[in-house]
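The structure appears right after this line, and notes come after that.
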Number of protein chains: 2
Amino acid sequence: MKKTTTTKETDISTEEKIRNAARKVFHSKGFAATRTRDIAEEAGMNLALLNYYFRSKEKLFALVMQETMQTFIQSIKVIFNDESLSLEAKVELLAGNYIEFLGANPDLPIFMLSEMRRDPSVLAGKLGLKEIVLHSHFMQQFQQGIKAEQIRPMHPFHLVMNIVGLTVFPFIAAPMLKTVGDLPDAAFTELMQERKALIPLWVKAILKA
Amino acid sequence: MKKTTTTKETDISTEEKIRNAARKVFHSKGFAATRTRDIAEEAGMNLALLNYYFRSKEKLFALVMQETMQTFIQSIKVIFNDESLSLEAKVELLAGNYIEFLGANPDLPIFMLSEMRRDPSVLAGKLGLKEIVLHSHFMQQFQQGIKAEQIRPMHPFHLVMNIVGLTVFPFIAAPMLKTVGDLPDAAFTELMQERKALIPLWVKAILKA
DNA sequence: AATTTGTTTAATCAAATGATTAAATATTTT
DNA sequence: AAAATATTTAATCATTTGATTAAACAAATT
(Lines give C-alpha, C1' and ligand atoms only; values in the text may rest on other atoms or scores of the structure.)
Protein backbone atom coordinates (compact mmCIF):
# COMPACT_ATOMS: atom_id res chain seq x y z
CA MET A 1 0.00 0.00 0.00
CA LYS A 2 1.03 3.54 -0.60
CA LYS A 3 -1.43 5.87 0.99
CA THR A 4 -1.69 5.01 4.65
CA THR A 5 1.95 5.01 5.58
CA THR A 6 3.55 7.80 3.63
CA THR A 7 5.61 10.14 5.78
CA LYS A 8 3.05 12.91 5.59
CA GLU A 9 -0.55 11.98 6.17
CA THR A 10 -1.67 15.18 4.48
CA ASP A 11 -2.10 13.52 1.09
CA ILE A 12 -5.48 12.18 0.17
CA SER A 13 -5.76 8.57 -0.89
CA THR A 14 -6.27 7.83 -4.55
CA GLU A 15 -9.57 6.23 -3.73
CA GLU A 16 -10.77 9.40 -2.06
CA LYS A 17 -9.53 11.57 -4.90
CA ILE A 18 -11.65 9.50 -7.24
CA ARG A 19 -14.69 9.68 -4.98
CA ASN A 20 -14.36 13.45 -4.76
CA ALA A 21 -13.93 13.84 -8.48
CA ALA A 22 -16.85 11.50 -9.15
CA ARG A 23 -19.08 13.43 -6.78
CA LYS A 24 -18.20 16.69 -8.45
CA VAL A 25 -18.75 15.49 -12.01
CA PHE A 26 -21.84 13.41 -11.31
CA HIS A 27 -23.43 16.27 -9.41
CA SER A 28 -22.80 18.72 -12.17
CA LYS A 29 -23.64 16.60 -15.23
CA GLY A 30 -25.75 13.73 -13.97
CA PHE A 31 -25.17 10.04 -14.59
CA ALA A 32 -25.87 9.78 -18.29
CA ALA A 33 -23.85 12.80 -19.39
CA THR A 34 -20.84 11.85 -17.27
CA ARG A 35 -18.09 9.86 -18.94
CA THR A 36 -15.74 7.84 -16.81
CA ARG A 37 -12.93 9.70 -18.56
CA ASP A 38 -14.33 12.98 -17.22
CA ILE A 39 -13.98 11.66 -13.72
CA ALA A 40 -10.48 10.32 -14.30
CA GLU A 41 -9.39 13.66 -15.70
CA GLU A 42 -11.00 15.60 -12.86
CA ALA A 43 -9.19 13.34 -10.40
CA GLY A 44 -5.96 13.75 -12.39
CA MET A 45 -5.37 10.07 -12.93
CA ASN A 46 -5.57 7.07 -15.16
CA LEU A 47 -8.94 5.81 -16.30
CA ALA A 48 -8.15 2.24 -15.30
CA LEU A 49 -7.93 3.29 -11.67
CA LEU A 50 -11.64 3.97 -11.55
CA ASN A 51 -12.31 0.37 -12.39
CA TYR A 52 -9.56 -0.84 -10.13
CA TYR A 53 -10.98 0.88 -7.05
CA PHE A 54 -14.65 0.79 -7.93
CA ARG A 55 -15.85 -1.97 -10.11
CA SER A 56 -17.82 0.09 -12.62
CA LYS A 57 -19.36 3.47 -13.42
CA GLU A 58 -22.65 2.23 -11.94
CA LYS A 59 -21.03 1.14 -8.69
CA LEU A 60 -19.18 4.41 -8.33
CA PHE A 61 -22.35 6.31 -9.01
CA ALA A 62 -24.34 4.29 -6.52
CA LEU A 63 -21.73 5.12 -3.90
CA VAL A 64 -21.83 8.83 -4.61
CA MET A 65 -25.60 8.79 -4.60
CA GLN A 66 -25.77 6.94 -1.34
CA GLU A 67 -23.37 9.41 0.27
CA THR A 68 -25.34 12.35 -1.07
CA MET A 69 -28.67 11.04 0.16
CA GLN A 70 -27.14 10.27 3.53
CA THR A 71 -25.93 13.84 4.01
CA PHE A 72 -29.24 15.22 2.90
CA ILE A 73 -31.39 13.04 5.11
CA GLN A 74 -29.20 13.44 8.16
CA SER A 75 -29.39 17.21 8.08
CA ILE A 76 -33.18 17.08 7.90
CA LYS A 77 -33.47 14.59 10.71
CA VAL A 78 -31.48 16.70 13.12
CA ILE A 79 -33.43 19.90 12.72
CA PHE A 80 -36.84 18.25 12.54
CA ASN A 81 -36.26 16.64 15.90
CA ASP A 82 -34.57 19.31 17.96
CA GLU A 83 -37.00 19.49 20.85
CA SER A 84 -35.58 22.72 22.15
CA LEU A 85 -36.85 24.66 19.16
CA SER A 86 -40.26 26.13 18.49
CA LEU A 87 -41.90 25.40 15.16
CA GLU A 88 -41.02 28.88 13.97
CA ALA A 89 -37.42 28.48 15.05
CA LYS A 90 -37.16 25.18 13.18
CA VAL A 91 -38.40 26.79 9.99
CA GLU A 92 -35.86 29.56 10.46
CA LEU A 93 -33.05 27.08 10.93
CA LEU A 94 -34.16 24.93 8.01
CA ALA A 95 -34.39 27.85 5.62
CA GLY A 96 -31.15 29.40 6.85
CA ASN A 97 -29.12 26.21 6.85
CA TYR A 98 -30.39 24.98 3.52
CA ILE A 99 -29.92 28.27 1.75
CA GLU A 100 -26.38 28.39 3.09
CA PHE A 101 -25.73 24.80 2.07
CA LEU A 102 -27.27 25.15 -1.39
CA GLY A 103 -25.27 28.30 -1.98
CA ALA A 104 -22.19 26.10 -1.70
CA ASN A 105 -23.74 23.14 -3.55
CA PRO A 106 -26.10 24.64 -6.09
CA ASP A 107 -26.06 21.55 -8.30
CA LEU A 108 -27.43 19.26 -5.67
CA PRO A 109 -31.19 19.74 -6.05
CA ILE A 110 -31.42 19.10 -9.77
CA PHE A 111 -28.97 16.26 -9.44
CA MET A 112 -30.94 14.51 -6.73
CA LEU A 113 -34.33 15.14 -8.22
CA SER A 114 -33.47 14.12 -11.75
CA GLU A 115 -31.51 11.03 -10.75
CA MET A 116 -34.38 10.02 -8.50
CA ARG A 117 -36.69 10.22 -11.43
CA ARG A 118 -34.30 8.15 -13.55
CA ASP A 119 -34.14 5.45 -10.95
CA PRO A 120 -36.32 5.77 -7.85
CA SER A 121 -34.60 2.74 -6.35
CA VAL A 122 -31.92 5.03 -4.94
CA LEU A 123 -34.52 5.69 -2.34
CA ALA A 124 -35.13 2.08 -1.53
CA GLY A 125 -34.39 1.52 2.11
CA LYS A 126 -34.93 5.20 2.77
CA LEU A 127 -38.59 4.57 3.43
CA GLY A 128 -37.76 5.39 7.02
CA LEU A 129 -37.64 9.00 5.93
CA LYS A 130 -41.41 9.12 5.88
CA GLU A 131 -41.57 8.19 9.54
CA ILE A 132 -38.69 10.48 10.38
CA VAL A 133 -40.52 13.40 8.87
CA LEU A 134 -44.11 12.57 9.74
CA HIS A 135 -43.41 11.54 13.32
CA SER A 136 -40.84 14.20 13.96
CA HIS A 137 -41.04 16.71 16.74
CA PHE A 138 -41.72 19.27 14.04
CA MET A 139 -44.86 17.43 12.94
CA GLN A 140 -46.03 17.04 16.52
CA GLN A 141 -45.79 20.77 16.92
CA PHE A 142 -47.67 21.22 13.67
CA GLN A 143 -50.51 18.89 14.68
CA GLN A 144 -50.63 20.52 18.09
CA GLY A 145 -50.97 23.93 16.47
CA ILE A 146 -53.91 22.66 14.44
CA LYS A 147 -55.64 21.28 17.52
CA ALA A 148 -55.09 24.56 19.32
CA GLU A 149 -56.60 26.26 16.29
CA GLN A 150 -53.53 28.40 15.82
CA ILE A 151 -52.82 26.71 12.50
CA ARG A 152 -55.18 26.17 9.62
CA PRO A 153 -55.67 22.42 9.09
CA MET A 154 -53.88 21.03 6.04
CA HIS A 155 -52.21 17.85 4.89
CA PRO A 156 -48.68 17.75 6.37
CA PHE A 157 -47.24 17.16 2.90
CA HIS A 158 -48.51 20.58 1.87
CA LEU A 159 -46.45 22.16 4.61
CA VAL A 160 -43.35 20.15 3.72
CA MET A 161 -43.71 20.91 0.02
CA ASN A 162 -44.15 24.59 0.77
CA ILE A 163 -41.11 24.92 3.00
CA VAL A 164 -38.88 22.87 0.75
CA GLY A 165 -40.29 24.44 -2.41
CA LEU A 166 -39.81 28.00 -1.21
CA THR A 167 -36.26 27.18 -0.14
CA VAL A 168 -35.01 24.89 -2.86
CA PHE A 169 -36.88 25.94 -5.96
CA PRO A 170 -34.99 29.20 -6.52
CA PHE A 171 -31.75 27.23 -6.75
CA ILE A 172 -33.27 24.90 -9.30
CA ALA A 173 -34.55 27.83 -11.29
CA ALA A 174 -31.36 29.83 -10.92
CA PRO A 175 -30.07 29.22 -14.47
CA MET A 176 -33.32 30.57 -15.81
CA LEU A 177 -33.44 33.55 -13.50
CA LYS A 178 -29.86 34.43 -14.26
CA THR A 179 -30.24 34.13 -18.02
CA VAL A 180 -33.80 35.11 -18.73
CA GLY A 181 -34.17 37.43 -15.77
CA ASP A 182 -30.78 38.86 -16.54
CA LEU A 183 -29.85 38.53 -12.87
CA PRO A 184 -26.14 38.67 -11.99
CA ASP A 185 -24.74 36.07 -9.59
CA ALA A 186 -24.27 38.61 -6.82
CA ALA A 187 -27.85 39.81 -7.06
CA PHE A 188 -29.10 36.24 -6.96
CA THR A 189 -27.05 35.51 -3.86
CA GLU A 190 -28.43 38.60 -2.20
CA LEU A 191 -32.00 37.57 -2.94
CA MET A 192 -31.27 34.21 -1.39
CA GLN A 193 -29.90 35.87 1.73
CA GLU A 194 -33.09 37.89 2.00
CA ARG A 195 -35.09 34.70 1.78
CA LYS A 196 -33.45 33.33 4.92
CA ALA A 197 -35.50 35.84 6.86
CA LEU A 198 -38.50 35.99 4.53
CA ILE A 199 -39.34 32.31 4.24
CA PRO A 200 -40.06 31.92 7.97
CA LEU A 201 -42.41 34.89 7.79
CA TRP A 202 -44.12 33.50 4.72
CA VAL A 203 -44.49 30.05 6.22
CA LYS A 204 -46.00 31.54 9.33
CA ALA A 205 -48.47 33.46 7.15
CA ILE A 206 -49.28 30.30 5.21
CA LEU A 207 -49.95 28.35 8.36
CA LYS A 208 -52.53 30.88 9.40
CA ALA A 209 -53.99 31.64 5.97
CA MET B 1 -44.55 12.44 -51.56
CA LYS B 2 -46.70 10.06 -49.61
CA LYS B 3 -48.24 11.83 -46.71
CA THR B 4 -50.05 14.88 -48.01
CA THR B 5 -52.09 13.24 -50.69
CA THR B 6 -53.19 9.92 -49.28
CA THR B 7 -56.94 9.37 -49.48
CA LYS B 8 -57.48 9.86 -45.75
CA GLU B 9 -55.88 12.85 -44.12
CA THR B 10 -56.17 11.24 -40.70
CA ASP B 11 -52.66 9.79 -40.78
CA ILE B 12 -49.85 11.78 -39.28
CA SER B 13 -46.82 12.53 -41.39
CA THR B 14 -43.65 10.62 -40.67
CA GLU B 15 -41.94 13.82 -39.74
CA GLU B 16 -44.56 14.57 -37.14
CA LYS B 17 -44.45 11.05 -35.77
CA ILE B 18 -40.74 11.52 -35.20
CA ARG B 19 -41.21 14.92 -33.60
CA ASN B 20 -43.82 13.50 -31.25
CA ALA B 21 -41.69 10.53 -30.34
CA ALA B 22 -38.66 12.74 -29.85
CA ARG B 23 -40.57 15.07 -27.58
CA LYS B 24 -41.82 12.18 -25.50
CA VAL B 25 -38.44 10.50 -25.10
CA PHE B 26 -36.41 13.69 -24.62
CA HIS B 27 -38.86 14.96 -22.04
CA SER B 28 -38.73 11.77 -20.07
CA LYS B 29 -35.01 10.96 -20.23
CA GLY B 30 -33.27 14.20 -21.11
CA PHE B 31 -30.79 14.76 -23.91
CA ALA B 32 -27.83 12.74 -22.71
CA ALA B 33 -29.74 9.62 -21.71
CA THR B 34 -31.77 9.54 -24.92
CA ARG B 35 -30.47 7.40 -27.77
CA THR B 36 -31.60 8.12 -31.27
CA ARG B 37 -32.63 4.48 -31.45
CA ASP B 38 -35.04 5.05 -28.55
CA ILE B 39 -36.77 7.73 -30.55
CA ALA B 40 -36.91 5.63 -33.70
CA GLU B 41 -38.43 2.76 -31.77
CA GLU B 42 -40.94 5.01 -30.02
CA ALA B 43 -41.93 6.38 -33.43
CA GLY B 44 -42.06 2.84 -34.82
CA MET B 45 -39.67 3.45 -37.66
CA ASN B 46 -36.21 3.15 -39.08
CA LEU B 47 -33.35 4.94 -37.40
CA ALA B 48 -32.13 6.44 -40.66
CA LEU B 49 -35.33 8.42 -40.96
CA LEU B 50 -34.39 10.57 -38.01
CA ASN B 51 -31.32 11.72 -39.84
CA TYR B 52 -33.19 12.02 -43.10
CA TYR B 53 -35.80 14.39 -41.69
CA PHE B 54 -33.72 16.10 -39.06
CA ARG B 55 -30.06 16.37 -39.62
CA SER B 56 -28.84 15.11 -36.26
CA LYS B 57 -29.78 14.32 -32.69
CA GLU B 58 -28.74 17.84 -31.71
CA LYS B 59 -30.93 19.46 -34.36
CA LEU B 60 -33.92 17.35 -33.42
CA PHE B 61 -33.39 18.18 -29.78
CA ALA B 62 -33.06 21.88 -30.47
CA LEU B 63 -36.38 21.76 -32.29
CA VAL B 64 -38.15 19.97 -29.46
CA MET B 65 -36.64 22.36 -26.96
CA GLN B 66 -37.66 25.40 -28.94
CA GLU B 67 -41.22 24.10 -29.23
CA THR B 68 -41.35 23.35 -25.52
CA MET B 69 -40.07 26.77 -24.50
CA GLN B 70 -42.49 28.40 -26.90
CA THR B 71 -45.51 26.70 -25.33
CA PHE B 72 -44.29 27.49 -21.86
CA ILE B 73 -43.60 31.15 -22.48
CA GLN B 74 -46.78 31.76 -24.42
CA SER B 75 -48.99 30.45 -21.63
CA ILE B 76 -47.28 32.73 -19.12
CA LYS B 77 -47.54 35.76 -21.32
CA VAL B 78 -51.27 35.43 -21.82
CA ILE B 79 -52.22 35.18 -18.18
CA PHE B 80 -49.74 37.79 -16.97
CA ASN B 81 -51.25 40.34 -19.30
CA ASP B 82 -54.96 39.73 -19.12
CA GLU B 83 -56.08 43.19 -18.05
CA SER B 84 -59.54 42.02 -17.10
CA LEU B 85 -58.22 40.01 -14.16
CA SER B 86 -57.37 41.14 -10.65
CA LEU B 87 -54.03 40.11 -9.22
CA GLU B 88 -55.72 37.46 -7.14
CA ALA B 89 -57.61 36.13 -10.13
CA LYS B 90 -54.37 35.90 -12.11
CA VAL B 91 -52.73 33.84 -9.38
CA GLU B 92 -55.76 31.59 -9.31
CA LEU B 93 -55.62 31.08 -13.05
CA LEU B 94 -51.86 30.54 -13.05
CA ALA B 95 -51.98 27.95 -10.30
CA GLY B 96 -55.04 26.24 -11.73
CA ASN B 97 -53.84 26.13 -15.31
CA TYR B 98 -50.32 25.06 -14.46
CA ILE B 99 -51.36 22.34 -12.09
CA GLU B 100 -53.72 21.03 -14.73
CA PHE B 101 -51.04 21.24 -17.41
CA LEU B 102 -48.33 19.67 -15.28
CA GLY B 103 -50.64 16.86 -14.30
CA ALA B 104 -50.66 15.94 -17.98
CA ASN B 105 -46.96 16.71 -18.53
CA PRO B 106 -45.25 15.89 -15.27
CA ASP B 107 -41.84 15.47 -16.89
CA LEU B 108 -41.68 18.98 -18.18
CA PRO B 109 -40.25 20.89 -15.22
CA ILE B 110 -37.23 18.70 -14.59
CA PHE B 111 -36.65 18.43 -18.30
CA MET B 112 -36.64 22.17 -18.84
CA LEU B 113 -34.69 23.03 -15.75
CA SER B 114 -31.99 20.43 -16.18
CA GLU B 115 -31.52 21.03 -19.87
CA MET B 116 -31.31 24.74 -19.19
CA ARG B 117 -28.51 24.09 -16.77
CA ARG B 118 -26.74 21.88 -19.30
CA ASP B 119 -26.89 24.57 -21.94
CA PRO B 120 -28.34 27.95 -20.99
CA SER B 121 -28.13 29.01 -24.63
CA VAL B 122 -31.58 27.48 -25.18
CA LEU B 123 -32.73 30.66 -23.60
CA ALA B 124 -30.80 32.91 -25.91
CA GLY B 125 -33.21 35.17 -27.67
CA LYS B 126 -35.73 34.64 -24.91
CA LEU B 127 -34.35 37.59 -23.04
CA GLY B 128 -37.63 39.28 -23.88
CA LEU B 129 -39.17 37.12 -21.21
CA LYS B 130 -37.76 39.38 -18.56
CA GLU B 131 -39.61 42.35 -19.97
CA ILE B 132 -42.73 40.31 -20.57
CA VAL B 133 -42.81 39.32 -16.94
CA LEU B 134 -41.48 42.44 -15.29
CA HIS B 135 -43.54 44.87 -17.34
CA SER B 136 -46.65 42.74 -17.39
CA HIS B 137 -50.02 43.88 -16.21
CA PHE B 138 -49.52 41.50 -13.31
CA MET B 139 -46.40 43.37 -12.19
CA GLN B 140 -48.13 46.71 -12.53
CA GLN B 141 -50.83 45.47 -10.22
CA PHE B 142 -48.18 44.22 -7.83
CA GLN B 143 -46.31 47.54 -7.75
CA GLN B 144 -49.60 49.39 -7.38
CA GLY B 145 -50.47 47.22 -4.40
CA ILE B 146 -47.16 48.11 -2.78
CA LYS B 147 -47.73 51.83 -3.30
CA ALA B 148 -51.21 51.52 -1.86
CA GLU B 149 -49.61 49.72 1.10
CA GLN B 150 -51.81 46.70 0.60
CA ILE B 151 -48.78 44.60 -0.26
CA ARG B 152 -45.57 44.26 1.70
CA PRO B 153 -42.70 45.60 -0.44
CA MET B 154 -40.45 42.88 -1.87
CA HIS B 155 -38.35 42.21 -4.92
CA PRO B 156 -40.66 41.08 -7.75
CA PHE B 157 -38.50 37.99 -8.29
CA HIS B 158 -39.44 36.80 -4.81
CA LEU B 159 -43.07 36.84 -5.79
CA VAL B 160 -42.42 35.05 -9.06
CA MET B 161 -40.24 32.42 -7.39
CA ASN B 162 -42.88 31.85 -4.74
CA ILE B 163 -45.78 31.40 -7.12
CA VAL B 164 -43.83 29.21 -9.49
CA GLY B 165 -42.12 27.33 -6.68
CA LEU B 166 -45.34 26.55 -4.84
CA THR B 167 -46.94 25.38 -8.07
CA VAL B 168 -44.14 23.56 -9.85
CA PHE B 169 -41.96 22.19 -7.09
CA PRO B 170 -44.35 19.44 -5.99
CA PHE B 171 -44.23 17.99 -9.50
CA ILE B 172 -40.46 18.02 -9.45
CA ALA B 173 -40.42 16.37 -6.06
CA ALA B 174 -43.16 13.90 -6.93
CA PRO B 175 -40.87 10.86 -7.39
CA MET B 176 -39.52 11.48 -3.91
CA LEU B 177 -42.89 12.05 -2.33
CA LYS B 178 -44.33 8.97 -3.96
CA THR B 179 -41.44 6.71 -3.01
CA VAL B 180 -40.17 8.08 0.28
CA GLY B 181 -43.47 9.52 1.40
CA ASP B 182 -45.18 6.33 0.27
CA LEU B 183 -47.82 8.41 -1.46
CA PRO B 184 -49.97 6.67 -4.11
CA ASP B 185 -50.51 8.40 -7.45
CA ALA B 186 -54.14 9.10 -6.70
CA ALA B 187 -53.34 10.73 -3.37
CA PHE B 188 -50.70 12.88 -5.01
CA THR B 189 -53.15 14.01 -7.66
CA GLU B 190 -55.68 14.89 -4.99
CA LEU B 191 -53.13 16.98 -3.11
CA MET B 192 -52.39 18.84 -6.33
CA GLN B 193 -56.07 19.51 -6.85
CA GLU B 194 -56.27 20.96 -3.36
CA ARG B 195 -53.35 23.23 -4.16
CA LYS B 196 -55.28 24.86 -6.99
CA ALA B 197 -57.36 26.56 -4.32
CA LEU B 198 -54.72 26.76 -1.61
CA ILE B 199 -51.89 28.43 -3.51
CA PRO B 200 -53.91 31.60 -4.22
CA LEU B 201 -54.74 31.84 -0.52
CA TRP B 202 -51.12 31.30 0.44
CA VAL B 203 -49.84 33.83 -2.06
CA LYS B 204 -52.30 36.38 -0.76
CA ALA B 205 -51.06 35.71 2.76
CA ILE B 206 -47.45 36.02 1.63
CA LEU B 207 -48.12 39.35 -0.03
CA LYS B 208 -49.42 40.76 3.22
CA ALA B 209 -46.98 39.03 5.56
C1' DA C 1 -46.02 4.24 -69.48
C1' DA C 2 -41.66 6.34 -68.60
C1' DT C 3 -39.17 9.44 -65.89
C1' DT C 4 -38.26 12.06 -62.10
C1' DT C 5 -38.57 13.02 -57.42
C1' DG C 6 -39.37 11.80 -52.78
C1' DT C 7 -39.35 8.20 -48.98
C1' DT C 8 -37.87 4.09 -46.59
C1' DT C 9 -34.94 0.15 -45.51
C1' DA C 10 -30.91 -2.73 -44.42
C1' DA C 11 -26.23 -2.69 -43.97
C1' DT C 12 -22.29 -0.47 -42.55
C1' DC C 13 -19.04 3.12 -40.63
C1' DA C 14 -16.50 5.75 -37.40
C1' DA C 15 -16.12 7.67 -33.06
C1' DA C 16 -17.04 7.47 -28.26
C1' DT C 17 -17.08 5.00 -24.20
C1' DG C 18 -17.00 1.51 -20.37
C1' DA C 19 -14.03 -2.00 -19.22
C1' DT C 20 -9.96 -5.21 -19.16
C1' DT C 21 -5.24 -6.89 -19.38
C1' DA C 22 -0.47 -7.44 -18.97
C1' DA C 23 3.42 -5.26 -17.74
C1' DA C 24 5.83 -1.70 -14.86
C1' DT C 25 6.44 0.49 -10.54
C1' DA C 26 6.04 1.13 -5.70
C1' DT C 27 5.23 -0.52 -1.00
C1' DT C 28 5.02 -3.86 2.63
C1' DT C 29 6.32 -8.11 4.68
C1' DT C 30 9.52 -11.71 5.47
C1' DA D 1 17.67 -7.66 0.51
C1' DA D 2 14.27 -10.84 -1.34
C1' DA D 3 9.68 -12.06 -1.88
C1' DA D 4 5.07 -10.92 -1.80
C1' DT D 5 1.56 -7.74 -2.32
C1' DA D 6 -0.52 -3.53 -3.78
C1' DT D 7 -0.85 0.31 -7.04
C1' DT D 8 -0.38 2.49 -11.48
C1' DT D 9 0.21 2.83 -16.44
C1' DA D 10 -0.30 2.17 -21.44
C1' DA D 11 -2.39 -0.40 -24.74
C1' DT D 12 -6.29 -2.72 -26.29
C1' DC D 13 -11.22 -4.70 -26.43
C1' DA D 14 -15.98 -4.89 -27.12
C1' DT D 15 -20.11 -2.50 -27.19
C1' DT D 16 -22.87 1.30 -27.88
C1' DT D 17 -24.29 4.98 -30.51
C1' DG D 18 -24.77 8.82 -33.89
C1' DA D 19 -24.54 9.02 -38.64
C1' DT D 20 -24.14 7.63 -43.65
C1' DT D 21 -24.77 5.10 -47.88
C1' DA D 22 -26.54 2.58 -51.58
C1' DA D 23 -30.26 0.35 -53.04
C1' DA D 24 -35.37 -0.62 -52.89
C1' DC D 25 -39.77 1.27 -53.02
C1' DA D 26 -43.57 4.69 -53.70
C1' DA D 27 -45.63 8.73 -55.54
C1' DA D 28 -45.85 12.54 -58.63
C1' DT D 29 -44.91 14.52 -63.15
C1' DT D 30 -44.23 14.28 -67.94
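All chains are named by letter (A, B, ...) in the order of the sequence lines, taking the proteins before the strands, and each is independently numbered beginning at 1.
Residues that satisfy the ring pair (Phe, Tyr, Trp, His ring centres under 6.0 Å) test with A:His137, not counting sequence neighbours, are absent from this structure. The salt bridge (Lys or Arg N to Asp or Glu O under 4.0 Å) check on B:Asp107 picks up A:Arg117, with sequence neighbours excluded.
Checking the phosphate oxygens (OP1, OP2) of C:dT8, a side-chain nitrogen or oxygen of B:Thr14 falls inside 4.0 Å.
As rounded to whole Å, 10 Å separates atom P of C:dA19 from atom CG of A:Leu60. Atom CD1 in A:Ile18 sits roughly 11 Å away from atom P in D:dT7 (whole-Å rounding). Regarding B:Tyr53, its OH atom lies at a distance of 17 Å from the C1' atom of D:dT20, rounded to whole Å. We find that OH of A:Tyr52 is positioned 17 Å from P of D:dA10, with the value rounded to whole Å.
Distance alone, capped at 3.5 Å, is enough to place a donor-acceptor pair between the A:Lys90 side chain and the A:Asp82 backbone.
Minimum heavy-atom separation, B:Asn51 to B:Arg55: OD1-O, 3.5 Å. Taking every heavy atom of both residues into account, B:Pro156 and B:Phe142 meet most closely at CA-CE2, 3.9 Å.
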Task: Base-contact (B) and sugar-phosphate-only (S) positions in nucleotides 11-19 of chain D, heavy-atom cut-off under 4.0 Å, - elsewhere - done: ------BBB
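Classification of the A:Phe157-A:His155 ring pair by plane angle, with boundaries at 30° and 60°, yields tilted.
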